[in-house]
Amino acid sequence: MEVQQQAILRVRDLNKTYSDGFQALKNINLEIQKGEIVALLGPNGAGKTTLISVICGIVNLSSGEVSVNGYDIIKDFRKTRAMIGLVPQELTTDSFESVFNTVAFSRGLFGKPPNSAHIEKVLRSLSLWDKKDNMIMTLSGGMKRRVLIAKALSHEPTVLFLDEPTAGVDVSLRKDMWEIVRGLKAEGVTIILTTHYIEEAEEIADRVGVINNGEMILIEEKDKLMQKLGKKQLILDLRDSLSEIPAKFADYNLELSADGGQLIYTFNTRGDRTGITSLMDDLKSEQIAFRDLNTTQSSLEDIFVNLVEESS
Amino acid sequence: MNIYGIMAIYKFEMARTKRTLVQSIVAPVITTSLYFIVFGAAIGSRIDQVAGVSYGAFIVPGLIMLNLLTHSISNASFGIYFPKFVGTVYEMLSAPISTLEVVLGYVGAAASKAVLLGIIILITASFFIDLQIAHPFVMMVFILLTALSFSLFGFILGIWADNFEKLSVVPMLLITPLVFLGGSFYSTDMLPEPWQSISHFNPVLYLVSGLRWSFYEISEVSVLVSLASILIFMFGCLAVVYYLFKTGYKLRG
Ligand SMILES: Nc1ncnc2c1ncn2[C@@H]1O[C@H](COP(=O)(O)OP(=O)(O)OP(=O)(O)O)[C@@H](O)[C@H]1O
Ligand SMILES: [Mg+2]
């Protein structure tokens with residue numbers, strides 16, 4: 001038997017109905033191990049922010065249980081919240097405070113004694129050090145987001161939530177951010193982020209969860225997910241163009257390119273049989289020759305779109 | 001207990017005062033001076049004495065109360081309303097800090113500012129009149145309790161308000177009239193009936209009367225009644241604050 005590591009975050013049968021009667025989360029179950037990076041994907045209004053808000057204590061849950069490192073988020077809120085850092089989706093900052101002071105404020109609020117050296121380290125890692133005395137309102141949007149990240153890291157959290165961290169962020173900050181995320185992971189910090197950009201999940205996450213209509217429709221290791229759900233396409237460059245797909249191939253999932261020069265066969269790597277061998281045999285018997293062939297694998301994006309369409 | 005959290009809120013709020021020094025200190029001092037010039041010097045010269053005290057001296061406790069009430073309320077209500085308004089309240093809600101600690105931070109800061117202001121008003125007054133304080137300790141108790149309870153009240157107001165209008169309407173339409181009709185600038189026995197009886201339903205009367213007793217040993221109601229009413233008000237506010245946080249009223253969705 002495998003040794004079961006204790007999950008750093010455990011969500012059990014979580015439901016959330018807002019006061020207007022809208023059910024934003026339906027029976028969510030989730031376990032995240034220490035040091036994992038989990039990306040939550042889902043269309044607008046899926047419930048990603050609601051889920052994070054419940055875990056962080058910003059929104060009350062309606063039913064279910066959430067624990068962080070074994071501590072219940074309601075009974076032991078001091079312990080759980082001290083472990084959590086949150087970078088919210090919206091750019092909500094004070095205006096007249098200085099960058100340094102607002103980060104120091106966050107550290108105090110989370111119950112940690114002052115530590116200028118740590119704040120300096122965080123600000124430097126986010127290229128904010130030369131702005132430390134600036135009033136927040138004089139910063140650009142991207143810099144304000146950095147300030148929010150600095151605030152979230154000010155109290156040395158072991159679980160970090162990033163709610164759409166790359167919205168409105170330029171390439172260089174995005175790079176910085178992934179560098180920081182990887183650095184934090186190396187220190188053992190668990191990171192849960194939401195994003196609409198599937199490439200981001202693909203680039204950074206160990207596991208990917210997909211939320212739609214308040215339901216967790218899937219949570220899976222990224223590589224397995226891509227293998228498991230990945231559709232592949234076999235593209236055959238024909239020697240002689242075809243005007244239409246011969247009747248014999250009606251049972252195959254075949255498409256002909258617009259110029260008739262390529263046959264595209266879509267198959268599922270999940271299935272026991274891909275049908276490639278019989279397709280090849282049939283092509284040979286019909287004397288359709290090809291010059292070249294290659295396969296492409298669908299991206300996480302395609303997987304995601306498929307899933308959401310299926311579940312809706 | 002999250003002492004660092006309380007300190008963080010307290011310091012943040014006090015820093016806010018520093019940024020709005022004119023509004024929080026200079027303006028009240030100027031207004032108070034105007035009161036002394038208009039009421040004390042101009043009108044007061046035609047009113048002999050009220051209950052054996054010169055008119056200028058008579059209005060000092062009322063002026064202090066007026067400033068204590070309005071500034072406790074506005075400081076505390078604005079302090080908690082603003083983070084709600086701009087959204088920065090998310091941080092407080094996600095922090096390992098209890099209701100009581102949040103209240104201590106905000107209300108503590110608002111009350112400190114109000115007490116400071118009360119003392120500044122007192123000093124300002126001493127430039128215009130010959131100040132005599134019969135019971136300085138009782139005076140401080142009244143100033144402290146008033147600042148605390150009305151800061152609590154302001155905190156509740158700030159949580160309840162969901163727009164700026166609600167935030168300003170209560171101090172303007174409730175507190176100012178109550179202060180003016182509560183015998184701050186006159187003794188209620190100068191009023192004709194039925195106003196004289198009606199004013200005894202005004203809670204501010206009890207505050208002003210109590211504070212005035214600590215200055216001149218004259219009062220409209222027993223000083224113990226005054227003390228009891230301010231304590232009742234304070235515990236009432238505490239109960240409401242406790243309830244608000246227990247239920248997450250208007251803060252946690
Ligand atoms: N305070 C609230 N009261 C009522 N309904 C709410 C509230 N907050 C969110 N909702 C609803 O809950 C649903 C989920 O919202 P949520 O913000 O969690 O979505 P999301 O997945 O984060 O979306 P996005 O990608 O746009 O950020 C939405 O339909 C939203 O309208
Ligand atoms: Mg969201």
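Numbered from 1 within each chain, the chains take letters A, B, ... in sequence-line order.
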Which of the residues [options] is involved in the greatest number of heavy-atom pairs with chain B at under 4.5 angstrom?
{"options": "A/Leu86, A/Asp94, A/Leu148", "result": "A/Asp94"}
{"options": "A/Gly85, A/Ala82, A/Pro114", "result": "A/Ala82"}
{"options": "A/Pro113, A/Ser95, A/Pro88", "result": "A/Pro113"}

Problem set entry | Residue, of B/Tyr90, B/Tyr4, B/Phe82, that accumulates the most heavy atom pairs under 4.5 Å with chain A |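 Ranked by contacts with chain A, first place is B/Tyr4.
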Between atom [atom1] of [X] and atom [atom2] of [Y], what is the distance when rounded to the nearest 0.5 Å?
{"X": "A/Glu97", "Y": "B/Arg16", "atom1": "CD", "atom2": "CZ", "value": "10.5 Å"}
{"X": "B/Met92", "Y": "A/Phe110", "atom1": "CE", "atom2": "CZ", "value": "10.5 Å"}
{"X": "A/Met135", "Y": "B/Arg19", "atom1": "CE", "atom2": "CZ", "value": "8.5 Å"}

Taking atom [atom1] of [X] as the centre, does the number of heavy atoms from other residues, nucleotides or ligands within less than 6.0 Å exceed 12?
{"X": "A/Glu65", "atom1": "CD", "answer": "no"}
{"X": "B/Phe180", "atom1": "CZ", "answer": "yes"}
{"X": "A/Arg124", "atom1": "CZ", "answer": "yes"}
{"X": "A/Lys26", "atom1": "NZ", "answer": "yes"}
{"X": "B/Phe164", "atom1": "CZ", "answer": "yes"}

Problem set entry | Validation row: B/Pro96, A/Met83 side chains within 4.5 angstrom (heavy atoms) |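 B/Pro96 vs A/Met83: side chains apart.
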For this session: Answer yes or no: is there a donor N or O on one side and an acceptor on the other, between the side chain of B/Asn2 and the main chain of A/Leu109, under 3.5 Å?
Result: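 Yes: the side chain of B/Asn2 pairs with the backbone of A/Leu109.
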Exercise. Does B/Ser94 offer a backbone N or O that forms a donor-acceptor pair with the side chain of A/Arg81 under 3.5 Å?
Worked result: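 It does not hold such a pair.
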For this session: Any side chain to side chain donor-acceptor pair (under 3.5 Å) involving residues 112-124 of chain B? Give me the pairs, sequence neighbours left out, ordered by first then second residue.
Result: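 Every side chain to side chain donor-acceptor pair (under 3.5 Å) pair that includes a residue of residues 112-124 of chain B, provided the two are not neighbours, is B/Tyr10-B/Ser112, B/Thr17-B/Lys113.
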Exercise. Applying salt bridge (charged side-chain N to carboxylate O under 4.0 Å, His left out), which residue pairs with at least one partner in residues 36-50 of chain A are found, sequence neighbours left out?
Worked result: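 Pairs touching residues 36-50 of chain A that pass the test: A/Glu36-A/Arg207.
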Problem set entry | Part of A/Lys112 lying under 4.5 Å from any heavy atom of chain B |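 Interface part for A/Lys112: backbone (N, CA, C, O).
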For this session: Pick one of side chain, backbone, both or neither for A/Ser106, based on which atoms fall under 4.5 Å of a heavy atom in chain B.
Result: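 Both parts, backbone and side chain.
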Exercise. Shortest non-hydrogen contact from A/Thr93 to B/Thr88?
Worked result: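 Minimum heavy-atom separation between A/Thr93 and B/Thr88: C-CG2, 3.5 Å.
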